[in-house]
Protein chains: 4
Amino acid sequence: MVKNNKQEIIVDAALEVFRDKGYANTRMADIARRAGVSYGLVYHYFESKEVLFDVIVEGWWDRLYQMLKDERQSDSAFQKKLENIIKFFLDMYAEKPNLLSIFITEVSRSSVYHTARGLAKFRTFFSLTEDVMAEGQKVGFLRRDIGPHYLTYIFLGAIEAFISVMVLGKEAVNRERKERTINGVIQVFLCGAKVESNPLPAL
Amino acid sequence: MVKNNKQEIIVDAALEVFRDKGYANTRMADIARRAGVSYGLVYHYFESKEVLFDVIVEGWWDRLYQMLKDERQSDSAFQKKLENIIKFFLDMYAEKPNLLSIFITEVSRSSVYHTARGLAKFRTFFSLTEDVMAEGQKVGFLRRDIGPHYLTYIFLGAIEAFISVMVLGKEAVNRERKERTINGVIQVFLCGAKVESNPLPAL
Amino acid sequence: MVKNNKQEIIVDAALEVFRDKGYANTRMADIARRAGVSYGLVYHYFESKEVLFDVIVEGWWDRLYQMLKDERQSDSAFQKKLENIIKFFLDMYAEKPNLLSIFITEVSRSSVYHTARGLAKFRTFFSLTEDVMAEGQKVGFLRRDIGPHYLTYIFLGAIEAFISVMVLGKEAVNRERKERTINGVIQVFLCGAKVESNPLPAL
Amino acid sequence: MVKNNKQEIIVDAALEVFRDKGYANTRMADIARRAGVSYGLVYHYFESKEVLFDVIVEGWWDRLYQMLKDERQSDSAFQKKLENIIKFFLDMYAEKPNLLSIFITEVSRSSVYHTARGLAKFRTFFSLTEDVMAEGQKVGFLRRDIGPHYLTYIFLGAIEAFISVMVLGKEAVNRERKERTINGVIQVFLCGAKVESNPLPAL
DNA sequence: CATGAATGAGGGTTCATTCAT
DNA sequence: CATGAATGAACCCTCATTCAT
């Protein structure tokens, strides 16, 4: 498939270079070279390096928010919602590993990204997830003796840990691994790691 | 207490600047200024920005490894070990927030840090934790239907999420919060978030 | 003649500055200023100060080698060949005094230049000249009781001494001086400085 | 022999480092390290890098001038004087190769050294040699149709060429080589390289 | 749209020199 | 005498960005 939209080609190239080198070590020249376009064309479409980066990251946030909003208002069984959230990350990693890689390495923890604007993005992310958790408590599925944002941290932290390991190790996900990962996170998150717990049936 | 060891003063200043601006945006001049020493003195003690950064990070890894080795070979009750691991992070955050901040934002996920050497550090970190988890399974405390490295990811992921939120929000930890956090992570990790689970008594 | 090729302008400027200040004391900013271009443009064309210097020196070696190869295979009378070699240096000094100046002061004896690569350049230079001397012996023009590389050293040493004096004194060469110099070197080199020798007729 | 004079140790160390790296690439720290003394001690004895270099070079000029003056006023046979001049360089190379190396690579042609003061040194060197040549003409030994400074350039150029080759190739001189070199230079300089010339008997 | 030459502020690093001990 | 910590001006090089064509 030959892409004819230069803008898209540039974004894809940027995605690769940002993943490989990180934002700070990425040169606009690298992106142009990888995209196979001239130096100036990158600036023709994107007014600065920061804007180009933001275009990429905004796309990520949009999808993430949309997914969380969908789950929040869906009437799936609660456990299904959690599974879908995990699945979203794993599917996204399969489909756009570079995007997830950048999220993990350049956004999620990067002090560089954490200007006021960046913080707001995160708060929304956590807040949407917290809404889901709160609902889980309201419907009597999740324990109420732990605050919903604690549940959020633990749940998202676990997902991020898995994704991080895959990203940093440049590992591939096949269907079987995906199911094992979802099951593992769900099992421990919902039933606990202790042996006396009552595990859910495997997926 | 007036510090008279310039080297230490420089490291402390670097810790602050790296935390505030991130590695890439830190200027050696900033560090010198914050340390109240001349530009050249920084280079008198540390041959480059990278070395200065590495000295800091190595110090972190040393403490972390030491703690994990201590827990691995201690004969505390298993749950106590997990609590100690969480406590280590929280105490460190209280004592050296800058160090933990740098670990989270510049090391933990930074693609820049993840050269071969960096990856090896992480593998050791995970591996030591996995030893603890495997022991928990061996002594019959943790379920065996989930692989020990899955347990490791989830446990460490949860801790990192909490620390990240504190770091990025520049939040303080008091004793009460510390206990609540430990309790929350332990409760969910061990007993699960589901309502039918059998919670442990609070700390 | 207005030069429109910036690259060439930069090389010419570099030639002047290297001559005036020597390699070590030449600032890239000096070159840019003298060329009337911006600082960055120098790096646009030459990746480093060293490369810029090498480009200049390579040009010199190329011309020198070419001349020696031409003389080696030409069927001029032998004495004519020696005269042509001397003439080459003098003409080059007239045409590109900066180039010759740099050769003398920065290349010919500079320990800095004498890395393995630099040494190889010199060996070729001497070797090509030695080929000419050996031919002179073969055709019965030069004495055979002195090794050809001894003849080479003396001949080239004499030329270098003349050029050095001109370079260091920033002297000009007119036609008359050129002929006197060639004659002097040829007379002494071929017939000797002793009074009993049988001088050649002056040029 | 353990040297107990620190000043001398420093000069010797400087001699080595200047030879190995050249003036511009020599660090005061290198000299101190090679001398096995502290950083500040070098400055205790020599007020600057330049002064230290000059001390070395002045020593060289003094010896050279002294030798030339001795030859000028000696009543040796003229040819013997020329041989003694060549011998001086070869003996010095054998005794203090570093000193000669520095003379060749850092003084003789270096634009860096050729400030007004440096030029004056050279003029004296040439002038003293020219005195010897002029005397050779006056006593009827050397031809008078070539100006004395031409003879000087050719004679000194030949010597320098030989020394340069030895210095740059880090070659050793034994007695046999020394005699061959002297003989070669003398033969060609006095009798010429042409085959019809009347060679002197070998040394 | 597309190119790549041109700009120049900025940053890491070096190193001769000074000076308190 | 001797040490080495401390200074800071200077320099090479980078690279985001601009702009003429």
Side-chain angles (χ1 to χ4, degrees), chain A residues 4-7 10 23-33 35-53, chain B residues 4-7 9-10 23-33 35-53, chain C residues 4-7 9-10 24-33 35-52, chain D residues 4-7 10 23-33 35-53:
Chain A
N4 54 6
N5 184 324
K6 294 276 180 84
Q7 191 161 351
I10 292 169
Y23 181 81
N25 292 310
T26 288
R27 309 288 143 246
M28 290 300 261
D30 296 334
I31 294 173
R33 202 177 312 116
V37 302
S38 81
Y39 208 74
L41 197 62
V42 179
Y43 279 92
H44 182 76
Y45 288 110
F46 304 96
E47 69 185 20
S48 74
K49 182 178 166 184
E50 199 181 349
V51 164
L52 176 51
F53 184 73
Chain B
N4 55 0
N5 185 321
K6 294 281 180 78
Q7 192 161 352
I9 293 175
I10 291 169
Y23 181 82
N25 292 311
T26 289
R27 309 288 142 245
M28 289 300 261
D30 296 336
I31 295 173
R33 201 176 312 117
V37 302
S38 77
Y39 199 92
L41 196 64
V42 180
Y43 281 92
H44 183 75
Y45 288 110
F46 304 95
E47 66 189 26
S48 71
K49 182 178 166 183
E50 198 182 351
V51 165
L52 176 50
F53 184 73
Chain C
N4 55 1
N5 184 322
K6 295 280 179 79
Q7 192 161 352
I9 294 175
I10 291 169
N25 292 312
T26 289
R27 309 288 144 244
M28 289 301 260
D30 296 336
I31 294 174
R33 203 176 310 116
V37 301
S38 77
Y39 196 94
L41 197 64
V42 180
Y43 282 91
H44 184 74
Y45 288 110
F46 304 96
E47 67 189 25
S48 71
K49 182 178 165 183
E50 199 183 350
V51 164
L52 176 51
Chain D
N4 54 8
N5 185 323
K6 294 277 180 85
Q7 191 161 352
I10 291 170
Y23 181 82
N25 292 309
T26 289
R27 310 287 142 245
M28 291 300 262
D30 296 335
I31 294 172
R33 202 177 311 117
V37 302
S38 80
Y39 209 74
L41 198 61
V42 179
Y43 280 91
H44 182 76
Y45 288 111
F46 305 95
E47 68 187 20
S48 72
K49 182 178 166 183
E50 198 182 351
V51 165
L52 176 50
F53 184 74

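In what follows, every chain begins at residue 1, and chains take the letters A, B, ... in the order their sequences are listed. What you are looking at is a predicted structure, and each value in this text was computed from that prediction instead of being measured.
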So CG of B:Leu52 and CE of B:Met28: to nearest 0.5 Å the spacing works out to 5.5 Å
Nearest-Å distance, CZ (D:Arg33) to P (F:dT3)? 14 Å
Any donor-acceptor pair, under 3.5 Å, between the side chain of A:Tyr39 and the base of F:dT17, if you only look at N and O atoms? yes
Separation between CG of A:Asp30 and CG of A:Asn25, rounded to the nearest 0.5 Å: 9.5 Å
Picking from E:dA5, F:dT14, E:dA16, the nucleotide nearest the side-chain atoms of D:Met28 would be E:dA16
Using heavy atoms to find the nearest nucleotide of DNA chain E for C:Leu41 and B:Gly40 separately, return the residue whose nucleotide is more 5′. C:Leu41
What distance separates C:Ser38 OG from C:Lys6 NZ, expressed to the nearest 0.5 Å? 8.0 Å
Pi-cation contact, B:Tyr23 with B:Lys49 (under 6.0 Å, within 45°): yes
Length of the line joining C:Gln7:CD and E:dG4:P, which is rounded to integer Å: 15 Å
Would you mind reading off the distance between A:Glu50 atom CD and F:dT17 atom C1', rounded to a whole angstrom? 14 Å
In whole angstrom, what separates C:Lys6's NZ from E:dG4's C1'? 13 Å
Side chain of D:Tyr43, heavy atoms from C-beta onward: which of F:dA6, E:dT7, E:dT17 has the nearest atom to it? E:dT17
Rounding to a whole Å, what distance do you find between B:Phe46:CZ and E:dT14:P? 15 Å
Could you state the atom-to-atom distance from NE2 of D:His44 to C1' of E:dT18 in whole Å? 15 Å
Between F:dT14 atom P and C:Glu47 atom CD, what is the distance in whole Å? 9 Å
Options E:dC1, E:dT13, F:dT3, nucleotide nearest the side-chain atoms of A:Tyr45: E:dC1
Please work out which of the three classes, parallel, tilted or perpendicular, describes the rings of A:Tyr39 and A:Tyr43, given edges at 30° and 60°. tilted
Which one, E:dT7, F:dT17, E:dG12, comes nearest to the side chain of A:Ser48? F:dT17
Value for CD (C:Gln7) from NE2 (C:His44), rounded to nearest 0.5 Å, stands at 9.0 Å
What's the OH-P distance between B:Tyr23 and E:dG11, to the nearest Å? 14 Å
How does DNA chain F look in dot-bracket notation if pairs are Watson-Crick or G-U with both distances under 3.5 Å, crossing ones as [ ], other-strand ones as |? .||||||||||||||||||||
Tell me which nucleotide among E:dA6, F:dC1, F:dA16 gets nearest to the side chain of A:Arg27. F:dA16
What's the spacing between A:Leu41 CG and A:Ile10 CD1 if we round to 0.5 Å? 4.5 Å
Of C:Lys49 and D:Ser38, whose nearest nucleotide on DNA chain F comes first from the 5' end? D:Ser38
